[in-house]
Amino acid sequence: MLETYANESRVTIELIAGHLQPDMRILEVGAGLCLTSLFLRQQGYHITALEPAIGGFDLFARIKQAMLEHYPGIDLQVMEKPSQQLNPTEDGCFDLIFSNNVMEHIPDWPAALDAMATVLAEDGVMLHACPNYTVPYEPHYGVPVFRHFVTLSRLLFLRKTHDQGHGCPVKESGGIKKGLNSQGIW
């Protein structure tokens, strides 16, 4: 699992690399395990990780905490509130705000974008990468999914993947079922 998130972190770094400047304030929205934020902080960037770990991501909160404890020498500021609650009075402004595979998990993403815009510096940049759900593949769980044929997807791929030991338990509290349900797939 860690390798999957390390690869996603590499993709994220490629996404933002051309926008990084030494003295800018950076906000990673949906920082997950904080791998990208920890790396950037270790490189000297002024980054804040925003990770509320809500909506079925309880396990990630525990892993994130373990990651932060494993790197006590890296002073990373972590905010644990929903992105919809960002405001410039409390949080200041950021020169770069980014996310990767996050926006599709935010139920009220228009409100989240509005709140992010309030903390974006005047000449700031916001970058967000999201999966393309017109392609019948669920990148978070590595399974094919046909959005218009939910029952077929569930029967053919989700249970089969679980039975072969390649996926999360379908009936797990907060796991794959809750994640796919939030996207209207389950």
Side-chain angles (χ1 to χ4, degrees), residues 1-21 24-43 45-65 67-68 74 76-88 90-135 137-142 174 176 178-185:
M1 177 174 91
L2 191 55
E3 184 177 324
T4 299
Y5 290 99
N7 286 333
E8 190 168 296
S9 186
R10 283 186 206 98
V11 169
T12 303
I13 295 295
E14 289 176 21
L15 173 73
I16 64 172
H19 300 278
L20 294 173
Q21 299 295 321
M24 65 179 1
R25 285 197 65 213
I26 304 168
L27 176 66
E28 180 180 11
V29 176
L33 306 180
C34 293
L35 294 176
T36 304
S37 291
L38 283 166
F39 172 76
L40 290 171
R41 185 68 193 118
Q42 185 181 42
Q43 300 304 307
Y45 291 99
H46 306 284
I47 186 162
T48 299
L50 175 67
E51 179 52 62
I54 56 177
F57 292 92
D58 307 4
L59 172 63
F60 292 99
R62 292 193 302 268
I63 297 172
K64 174 189 73 175
Q65 190 57 43
M67 293 294 291
L68 295 171
I74 301 175
L76 177 65
Q77 181 181 354
V78 179
M79 290 192 284
E80 296 182 343
K81 63 181 176 181
S83 53
Q84 298 90 319
Q85 295 177 7
L86 288 168
N87 76 64
E90 290 179 20
D91 305 314
C93 289
F94 297 91
D95 303 298
L96 175 63
I97 299 173
F98 71 92
S99 72
N100 189 16
N101 291 330
V102 172
M103 297 304 292
E104 69 275 13
H105 297 287
I106 301 175
D108 189 1
W109 59 267
L113 284 173
D114 286 344
M116 287 181 231
T118 68
V119 297
L120 186 64
E122 187 173 323
D123 294 329
V125 174
M126 225 191 302
L127 298 169
H128 301 284
C130 303
N132 179 353
Y133 285 115
T134 59
V135 175
Y137 179 75
E138 209 309 312
H140 300 92
Y141 302 105
I176 190 170
K178 192 177 274 184
L180 292 177
N181 191 37
S182 72
Q183 300 165 35
I185 297 172

Return the minimal non-hydrogen interatomic distance between V102 and G30, and the atom names on each side.
CG2-O, 3.5 Å
Of all heavy-atom pairs linking L15 and S99, the shortest is CD2-O, 4.0 Å
Are the side chains of L27 and L86 in touch, meaning some heavy atoms are under 4.5 Å apart?
yes
For E8 and N101, run side chain to side chain donor-acceptor pair (under 3.5 Å): C-alpha distance rounded to whole Å, both residues' side-chain angles, the deciding distance at 0.1 Å, then the answer.
CA-CA 9 Å; E8 190 168 296; N101 291 330; 3.1 Å; yes
Given side chains that start at C-beta, do those of E90 and K81 come closer than 4.5 Å, heavy atoms only?
yes
Where do F98 and M126 land on the side-chain contact (heavy atoms from CB on, under 4.5 Å) test, with the steps shown first?
CA-CA 6 Å; F98 71 92; M126 225 191 302; over 6 Å; no
One pair to check against side-chain contact (heavy atoms from CB on, under 4.5 Å): C34 and M67. What are the steps and the verdict?
CA-CA 8 Å; C34 293; M67 293 294 291; 5.6 Å; no
Nearest non-hydrogen partners of K64 and V78, listed with the distance
NZ-CG1, 4.1 Å
Pair L33, L38 - check side-chain contact (heavy atoms from CB on, under 4.5 Å), show working.
CA-CA 9 Å; L33 306 180; L38 283 166; over 6 Å; no
Closest heavy-atom contact between L76 and A49?
CD2-CB, 4.1 Å
Quick check against the 3.5 Å criterion: does R25 have a side-chain atom that pairs as donor or acceptor with the backbone of C93?
yes
Ignoring hydrogens and angles, tell me if any N or O in the side chain of E51 forms a donor-acceptor pair with the backbone of G32 under 3.5 Å.
yes
Could you measure the distance from the CD1 atom of I97 to the NE2 atom of H19? Nearest 0.5 Å is fine.
13.0 Å
Check step by step if side-chain contact (heavy atoms from CB on, under 4.5 Å) holds for L20 and Q43.
CA-CA 11 Å; L20 294 173; Q43 300 304 307; over 6 Å; no
Within this structure, what is the OG1-CG distance for the pair T48 and D91, rounded to the nearest 0.5 Å?
8.5 Å
With rounding to the nearest 0.5 Å, note down the distance linking CD in Q84 to CE in M116.
7.5 Å
Taken to the nearest 0.5 Å, the spacing of H46 NE2 from L96 CG works out to 13.0 Å
Can you measure from CG (L113) to CG (D108) and round to the nearest 0.5 angstrom?
9.5 Å
So L40 and I16, do their side chains get closer than 4.5 Å, heavy atoms only?
yes
How long is the straight-line distance from OG of S37 back to CD of Q42, given to the nearest 0.5 Å?
12.5 Å
